[in-house]
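Beneath this line is the structure, given in structure tokens, with notes to follow.
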Amino acid sequence: MPELPEVETLRRGLEKDILNRQVVRAVVTKAKVLKEQTETAFQERIVGRRIERVDRRGKYLLIALIAERADVRSPSTPPSDIGQRVALGEPRILLCIHLKMRGQLLLQKADQPISPYHCVSLLLDDSMEVRFHDMWMWGEMRALTNEELAKVPGLAGMGAEPLDPAWDVRSLAPQLAKRSGPIKPTLMDQRVVAGVGNIYADEALFRAGIHPARPAASLTEGETNRLTQTIRAVLSEAVEGGGTASEEYVDVKGVAGRYTPWVYNRGGQPCVICATPLTRIRLGGRGTVFCSHCQAPEPTVHGGSCERRYR
DNA sequence: ATAGCGCCCTGGTGGC
DNA sequence: TGCCACCAGGGCGCTA
């Protein structure tokens, strides 16, 4: 499940190779990922444009496409509907991509074989293709104007970027104070902090010595401080490692991540700190793994019963 | 306003 | 061996 570190790794991989390239063709094999957008509208909005930037917001990947000057002044074929006319006249179109659970973005040569999970390809002017794959068909890829992008529900109310140097406990603490639900699902709420999903919520809570079922508002000042630090630490380490090692995630070159989780997906295995078998429960409908010894159900002054280090 | 749940979708797995 | 029920899960939208 691509979360912030995985999407950031994809962003860096794309940025290295596709900046200033022109999109010469867009092939859609599974229009479902375009959501409400038609295949034709999608193609008309992106073909002929150049890739200006590759950005990330939370788990969203945003690729800015800029029109050639001539394209802005006079679209070759006058579009029938007003929305389309406005879009073609836009200097900038944002390719808004969310990979959800199983989506993948790959940068491959145009002559490489197509996967059965292929949904969309963007052929670039250097014969490389940006390919969107999704086994579960949950992912989304849309070509939007700036105005439309601002209305995307998930993006509109999204919380702060945890790797932004300005993000600190003063951003997190007020969010937690007004929540009575368990801390784990609260951390995964994209309005509280952007980009944290199941993997890194489990990891950050383990490193902070906080039980995942603790009511968010019950965290002490010290615990919230620790959690702020461990969220940033675990995300940074995972970005450095090119994402989490898992069966479903690879970067744009098809390379697996190298970050190895301490608790995520390790239910029943020994805790890396105290060797207690890790506990697996369901929280907010999600699989959750924690150490019953290191992560006490009550507030703790230090890092739980175990000594731990974080940067 | 917020918490909880069903839904979307498909491959893999365990039970019979 | 074959079939099927069931599970995994991010985020949206509905309900209470």
Side-chain angles (χ1 to χ4, degrees), chain A residues 1-8 10 29-37 56-62 96-105 115-120 132-142 144 148-159 161-162 172 174-205 212-219 231 235 238 243-250 257 261 263-268 278-290:
Chain A
M1 56 300 295
E3 303 180 23
L4 188 153
E6 289 76 29
V7 179
E8 177 61 19
L10 296 171
T29 57
K30 298 194 182 78
K32 193 178 189 313
V33 300
L34 305 180
K35 296 293 147 183
E36 76 285 351
Q37 191 158 50
R56 180 191 56 76
R57 179 80 175 95
K59 303 177 193 174
Y60 283 88
L61 196 64
L62 302 168
C96 176
I97 303 167
H98 198 301
L99 300 171
K100 296 288 177 83
M101 271 304 293
R102 296 299 209 93
Q104 295 186 332
L105 270 186
S115 148
Y117 304 129
H118 176 274
C119 302
V120 177
F132 182 103
H133 292 180
D134 195 345
M135 179 192 284
W136 282 6
M137 304 291 292
W138 278 15
E140 301 175 2
M141 183 184 229
R142 281 171 292 191
L144 304 175
E148 291 166 345
L149 188 76
K151 290 177 196 153
V152 171
L155 274 170
M158 188 171 284
E161 286 289 333
L172 186 63
Q175 294 285 339
L176 303 190
K178 61 185 178 190
R179 301 297 200 101
S180 60
I183 182 64
K184 156 90 184 272
T186 303
L187 280 186
M188 288 173 65
D189 187 332
Q190 299 301 294
R191 294 168 298 184
V192 172
V193 51
V196 175
N198 207 21
I199 299 175
Y200 301 106
D202 276 3
E203 294 292 289
L205 286 168
R214 288 271 307 283
S218 79
L219 265 63
I231 288 170
L235 292 175
T244 287
S246 83
E247 285 172 25
E248 52 263 16
Y249 165 75
V250 289
V263 288
Y264 170 75
N265 208 21
R266 293 193 62 242
L278 296 172
T279 308
R280 183 185 159 92
I281 58 171
R282 281 188 84 78
L283 217 44
R286 304 286 172 252
T288 300
V289 181
F290 68 101

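Values in this document were obtained by computation on a predicted structure and should not be read as measured data. Just so we're on the same page: letters track the sequence lines, and every chain starts at 1. Only this structure's heavy atoms are used, side chains among them; waters, hydrogens and symmetry mates stay out.
When the P atom of C:dA8 is taken as reference, atom CE of A:M188 falls 13 Å away, rounded to whole Å. In this structure, CE of A:M158 is placed 13 Å from C1' of C:dC12, rounded to the nearest angstrom. In this structure, the CZ atom of A:R142 is 11 Å from the C1' atom of C:dC12, given to the nearest Å. Separating the CZ atom of A:R102 from the C1' atom of C:dG10 is a distance of 13 Å, rounded to the nearest angstrom. Between the CG atom of A:L187 and the P atom of B:dA3 there is a distance of 13 Å, given to the nearest Å. Spacing between atom CD of A:E248 and atom P of B:dG12 amounts to 11 Å, rounded to whole angstrom units. Rounding to whole angstrom units, CZ of residue A:R282 and P of B:dG6 are separated by 11 Å. Atom P of nucleotide C:dG10 and atom CG of A:L99 are separated by 13 Å, given to the nearest angstrom.
In this structure, A:K178 does not reach the B:dA1 phosphate: none of its side-chain N or O atoms is under 4.0 Å from OP1 or OP2. Distances shown here put every side-chain N or O of A:H98 at or beyond 4.0 Å from the OP1 or OP2 atom of C:dG10. Side-chain N/O atoms of A:K100 include none lying less than 4.0 angstrom from OP1 or OP2 on B:dC9. Remark: A:Q190 is in phosphate contact with C:dG11, judged by side-chain N or O atoms under 4.0 Å from OP1 or OP2.
Note on A:D189 versus A:R179: salt bridge recorded, some NZ/NE/NH1/NH2 to OD/OE distance being below 4.0 Å.
Closest of all the heavy-atom pairs between A:L62 and A:L149 is CD2-CD1, 3.8 Å. Heavy-atom minimum distance, A:C96 versus A:L155: SG-CD1, 4.2 Å.
Between A:K100 and the choices A:E248, A:E140, A:E6, the salt bridge (Lys or Arg N to Asp or Glu O under 4.0 Å) rule is met once, by A:E140. Exactly one residue among A:E3, A:R286, A:K184, A:E203 makes a side-chain hydrogen bond (donor to acceptor under 3.5 Å, both in side chains) with A:N198. That residue is A:K184.
The side chain of A:M101 lies closest to C:dG10, out of C:dC12, C:dA8, C:dG10. Of all nucleotides listed (B:dT10, B:dC9, B:dA3), B:dC9 comes nearest to the side chain of A:W138. In this structure, the nucleotide among B:dC8, C:dC12, C:dA8 sitting nearest to the side chain of A:Y60 is C:dC12. Minimum atom distance to the side chain of A:P153 is reached by C:dG13, of the listed B:dG4, B:dT10, C:dG13. Side-chain proximity of A:P182 to B:dG4, B:dT10, B:dC8: nearest is B:dG4. Between C:dA8, C:dG10, B:dG11, one nucleotide has an atom nearer to the side chain of A:M135 than all others, and that is B:dG11.
Using a 4.0 Å heavy-atom distance criterion, A:G197 is classed as making no nucleic acid contact. Across all strands shown, A:R179 has heavy atoms under 4.0 Å from sugar-phosphate atoms exclusively, and none from any base. Residue contacts for A:R191: at a heavy-atom cut-off of 4.0 Å it reaches no nucleic acid atom on any strand shown. No contact: A:D134 has no heavy atom under 4.0 Å from any strand.
Taken from CD1 in A:I97 to CZ in A:F132, the straight-line distance is 7.0 Å, to the nearest 0.5 Å.
Residue whose closest nucleotide on DNA chain B sits further toward the 5' end, between A:R286 and A:S180: A:S180. For the pair A:G154 and A:G287, both in contact range of DNA chain C, the more 5′-proximal nearest nucleotide belongs to A:G287.
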